Amino acid sequence: MAKCLSSMYAVDHVVRGNFLRGIIASPARRALETEKIDSLEKLSDYSEEEILQFHGFGKNAMEKLKNHMKENQLSFKKNEKIK
């Protein structure tokens with residue numbers, strides 16, 4: 001009779017937050033989690049350029065995120081041009 005492997009080995013189940021689940025991919029969600037960004041309001045404190053610097057974030061995730069923020073009447077912080 002076969003034994004269940006999980007009973008033989010320690011199984012690490014990490015439960016992550018559900019912020020933006022189904023909107024953007026896991027690597028981009030983990031990047032936001034690393035920066036302690038867990039709401040659209042916190043996200044709106046950043047510019048698009050700042051978010052794109054996070055490891056795991058690319059153009060595809062940014063487009064999806066911009067659309068989601070627009071649907072929720074929010075936007076990214078505007079970049080201030082340095083003179």
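The structure presented is a predicted model; accordingly, all values stated were derived computationally and were not measured. Hydrogens, waters and symmetry mates are skipped; everything else that's a heavy atom, side chains included, is used.
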Ser75: side chain to side chain contact (heavy atoms under 4.5 Å, CB included) partners, not counting sequence neighbours: none
Give the C-alpha distance, both sets of side-chain angles, the deciding distance and a yes or no for side-chain contact (heavy atoms from CB on, under 4.5 Å) between Glu41 and Leu74. CA-CA 8 Å; Glu41 289 75 19; Leu74 291 168; 4.1 Å; yes
Evaluate the criterion side-chain contact (heavy atoms from CB on, under 4.5 Å) for residue pair Leu32 and Leu20; output intermediate values, then yes/no. CA-CA 10 Å; Leu32 295 177; Leu20 297 175; 3.6 Å; yes
Sorted by chain and residue number, the side chain to side chain contact (heavy atoms under 4.5 Å, CB included) partners of Gln73 (sequence neighbours excluded) come out as none
Sorted by chain and residue number, the salt bridge (Lys or Arg N to Asp or Glu O under 4.0 Å) partners of Asp45 (sequence neighbours excluded) come out as none
Can you give me every donor-acceptor pair (side chain of residues 51-68, partner residue at least two apart or in another chain, under 3.5 Å) with its distance?
from, atom 1, to, atom 2, distance (Å)
Glu63, OE2, Lys66, NZ, 3.3
Asn67, ND2, Glu63, O, 3.3

Rounded to the nearest 0.5 Å, what separates atom CD1 in Ile37 from atom CZ in Phe19? 8.0 Å
Lys78 and Ser47, any side-chain heavy atoms less than 4.5 Å apart: no
Side chain to side chain contact (heavy atoms under 4.5 Å, CB included) against Thr34, all qualifying residues, sequence neighbours excluded: none
Sequence neighbours excluded, the answer for salt bridge (Lys or Arg N to Asp or Glu O under 4.0 Å) partners of Glu50 is Lys77
